[in-house]
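Just below is one structure, and these are the notes that go with it.
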Amino acid sequence: MHEPPPAGLVFDIQRYSIHDGPGIRTTVFLKGCSLRCTWCHNPEGLSPRPEIRVIEARCDRCGACAPVCPLGLTVGEGAWQLPDGERCLRCGRCADACPTGARTLVGRSVAVDELTATIARDRPFYDESGGGVTFSGGEPLTQAAFLRASLLAAREAAIHTAVDTSGFAARRTVLALAPVTDLFLYDLKTLNPARHRQLTGVPLEPIVANLRALDRAGADVWIRAPLVAGLNDGDADIAALGRLVAGLRHTRRVHLLPYHGLGADKYERLGRAPQRPDLVAPSAEAMARSAARLSGFGLDVHIGG
Amino acid sequence: MNPRIERLREASLAAEPSLSAERAVFMTRFHESHLGKYSPPIMRALAFEQLCREKTIWIGPDDLIVGERGPAPKATPTFPELTCHSLDDLRILHERPKTRYDVSPEVVGAYRDEVIPYWRDRSLRDRIFAMLPAAWHAAYGAGIFTEFLEQRAPGHTVADGKIYAKGMIDFKEDIARARNRLDLLGDPTAPNRLEELRAMEIAADAAIVFAERHAALARAMADQTVDPARRAELVRIAEVCSWVPAHAPRDFHEALQTYWFCHLAVITELNGWDAYSPGHLDQHLETFYRAGMADGTLTRETARELLECLFVKFNNQPAPAKVGVTNAESGTYQDFANINLGGVHRDGSDGVSDVSYLLLEVIEEMQLIQPSTNVQISRKTPEGFLAAACRVIRRGLGFPSVFSTDTVIAEMLRQGKSIEDAREAGTSGCVEAGAFGKEAYILTGYFNLPKILELTLHDGVDPRTGTRIGPATGDPRSFTSWGDLERAWLTQLRHFIDLKIAGNQRIERLYADEMPAPFLSLITDDCIARGVDYNAGGARYNTSYIQGVGIGTLTDSLAAIRRHVFERGALSMDSLLAALDSDFAGVGAVHRLLRDRSPRWGTDDDEADDLMRFAFDAFFDAVDGRPNGRGGRYAIDMLPTTSHIYFGSLTGATPDGRAAGAPLSEGISPSQGMDTRGPTAVLLSAARMDHVRTGGTLLNMKLSPGLVEDELGIEKLGQLIRTYFRLGGHHIQFNVVRGDTLREAQAHPEAHRDLIVRVAGYSDYFCDLSRSLQDEIIARTEHGSMAMPPPNHPFG
């Protein structure tokens, strides 16, 4: 049986990523996510479909986008406006026609072969640094078949693979990746079940269960805990995290990632409601305190990626 | 930094560069009195010796290392025998806002009454311009090439270890032996060699005299000094100066003073390019350092203080005052003396020692634009040393710059040097590789590669002036294939390379016959053994370089033409030419097509990178291996200093979408702001150039400070560098400073006088740069792994 090689929806490929696993890496961002985290800075990763992004500051109101839209959705005057999200076909013709780069199509269909060839271009840097490819998102597990095929292709090309995941997926989906993934970067947002649902929109239980399953299966896992001041960095939050990870068989490494506010403009560019304005990063002292507390559980704690 | 060094550093920073007429007046009177009595080498040597006897000398109140080129720090002598500044030049030097030199009425008077009346039309500069043909002047005026030797002497060389093992007295014994070997009865060149050797002998005595005068001054000052500590220092200075450079140095202090006397002698004798350089200073000092630490005469802190005193001395010597095109191509006080750290020894073992680390600390503390510093990273260099260098780079001073020892060695071997001399090689000036102490590797001028394309697109006529300056290679509208354009470009290229080299041959001859450098010859192998001057081919290796500029602009332009005119037919040649000639006025769509929809060098794009190789190979083939006038061969370098700005100002709009008059791409860096795929893509593209077939390439990278803020970032920066070098890269340097900071400094220079940035193979004060160079540095893409396009990582 010969299936066509699967294609995935990719919204960015970032080379020289130095905070997504060991060494110098290329991070591939897959589109689509089941979580709706309050602090999400990749709103373009949420929807499983392509989207039109418009940067108003780059638009010089030339109107080149208007005539090419099959549905006539872009308007001449004030052409920087976003298309109607419901009706837009996401065909990207307006983005192709845009001379200034103000309009871009976020999310491009990429075949595994093409993606692997792109990833392999930085092989000399991976070889030198012990780096490789990291699949992130969005939630890469929402494109499980494409992800698995891409991981296999990378492995065949002898490139170290990492998957940056929320862990929110079916158990067998997660476990199926374990044999083809060298490292999981596993996000834990909060271990308070009620707050988890409130802050991310999904239940905590499957995430913790999947983590334990991966750990039992012998997967290499680095825990990544994004911290927002006052939301999930209290002493009880940190203690709960410490207890959970200390109870795992061989997962010991934890990265504490302070929130940063660099993605706020993205919401407007995608026509989404703006982010909560009250999110702030924990202070350096608070980060250090959390790190010290976690270290007390015998864990290998790092601040930052 | 201890209080003495703080005072010395402050005084050096505060001193205003000025012109001193002392040397000019001396040379004028000497020539008036003695011209015609001696052969050129003896004449030059006697003038140098007399100058060493008479020139005003200076020992500052805090100095431990002594000696200045001029009568005081930053008082810069002139060299009228090479360049006779006109009264207009003096006025411009005094009034220009950037790289200004204070010119007193006394200096103007001396020039008006004595210097100009004698040297006008006698200076080498006047003679060179009078000698060269109209076709050369047309190309020079059009901005196709510059001429390094029109107002400064060749030099471009670096000390090896011999001055630490031999004193001037020993060199004189070498001269005596060489003289005894001469066969006056059988060898018709022997009389000339005899004269050259005699000149070197006089130069050796001159250096001893110069040092003894400092010893005497120090003793006299000691006698009048009440403070016992300072008196002891002055007595020590006197001891040092009465021992070196007559004899080989015996300790760390004497070693540094030896270098400094040699440096001053080289830059007083002639105004050679790139001053003079200590080369592998850490390797040269290692044994003195170890011995001093072992016998208790030296501590790490006293060694540091002496090194810092030496650094101040470098900073006290602004470049000779440049005028005209030379100032445009090299508009800086920086005189490019360069210190190499790390590398390997002659036997191939790792060169890193505790002195290397100490020097890194000195660099970080001193924060001066001179001397330039670099680290040489070989396969054997410990990771700890690379990381220590990266931590200094993180400070954002642009130095040390980083070189691959292994690539440099391969370059030297390709040129036919022995493996030991290749290992002992390093880099000087901006990025130029040479065999230290044994090679005259002379840069002859920058070459504007995109301008050759402009002429190709205009059938040999310079569109800026409407004058035909190149061969007629056909109306490009008649070209039916990409091959037609390639052939026309190659014809134009070879024409102008031939014109440049023909001019060089005549200029080199003039220097060989009339402007010997006996002191530099004394300390460069094998001038004594051969009895031949440095400027006449006496060095063991003699290389002449032409430096290609604008390879990024050229590559992107070729890629745009090939894709849109020849492959896709989206644009006719006629429309392209109309768009270029109108500087894209009214053709925004064409401009955007060319700029945004063309393959780009520096984005890891195979199509663009292949075109870079075509252009590079063509330039290499046109230049490399051709004989020069000193028994050596031509080779290429890829570096610009500031000539990409100057050349850009004379080059019209280019097919890559670059506006008329805008800077060309610099070094082998991608066109400004066009390296949109991140640092790894830049390095992969850059490594597709065959660096081994050059004598140096220059790659600038601007990094966002966030990328190197922690130890993880330092480690990964080191890995980035290691990978580039594993792929064959020659050099990389980093500006770690935010665009915001630079814009703020541009708006409020008064608050940012001390902001140091990397320019092109050297660092300079940002506020001293011309506005266009400032803009250009701001435009270079700042690479952040999470900065652009808008970040996709919510946390980091």
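To find a chain, count down the sequence lines: A is the first, B the second, and so on, and within it residues start at 1.
Contacts of B/Leu720 with chain A are made by both backbone and side-chain atoms, with heavy-atom separations under 4.5 Å. For A/Asp127, the parts sitting under 4.5 Å from any heavy atom of chain B are the backbone and the side chain alike. Neither the backbone nor the side chain of B/Ala589 comes within less than 4.5 Å of any heavy atom in chain A.
For the atom pair CG of B/Asp596 and SG of A/Cys98, the computed distance is 10.0 Å after rounding to the nearest 0.5 Å. Taken to the nearest 0.5 Å, the CZ atom of A/Arg15 stands 10.0 Å off from the CG atom of B/Leu683. How far CZ of A/Arg123 is from CG of B/Leu684: 12.0 Å, rounded to the nearest 0.5 Å. In this structure, OG1 in B/Thr723 is found 5.5 Å from CZ in A/Phe125, a value given to the nearest 0.5 Å.
B/Gln719 places none of its side-chain heavy atoms less than 4.5 Å from the side chain of A/Ile18. Between A/His302 and B/Leu712 the shortest side-chain heavy-atom distance does not fall below 4.5 Å.
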- Message: Set out, in order, the CA-CA distance, both residues' side-chain angles and the distance that settles salt bridge (Lys or Arg N to Asp or Glu O under 4.0 Å) for B/Asp606 and A/Arg121, then state yes or no.
- Response: CA-CA 11 Å; B/Asp606 293 334; A/Arg121 294 194 78 98; 2.7 Å; yes

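Nearest heavy atoms, A/Asp96 versus B/Arg597: O-NH2, 3.3 Å.
A salt bridge is absent between B/Arg677 and A/Asp122: the closest approach of a Lys/Arg side-chain nitrogen to an acidic carboxylate oxygen does not fall below 4.0 angstrom.
Put simply, the side chain of B/Lys716 never gets that close to the backbone of A/Ile24: no donor and acceptor are under 3.5 Å apart.
Every pair passing salt bridge (Lys or Arg N to Asp or Glu O under 4.0 Å) that includes a residue from residues 717-726 of chain B is listed here, sequence neighbours excluded: A/Glu128-B/Arg726, B/Glu383-B/Arg722.
For A/Arg93, the CZ atom counts as loosely surrounded, since its 6.0 Å shell holds 12 or fewer non-hydrogen atoms of other residues, nucleotides or ligands.
Applying the side chain to side chain contact (heavy atoms under 4.5 Å, CB included) test to A/Leu46 and every residue at least two apart in sequence or in another chain returns A/Cys33, A/Arg36, A/Cys40, A/Pro43, A/Arg272.
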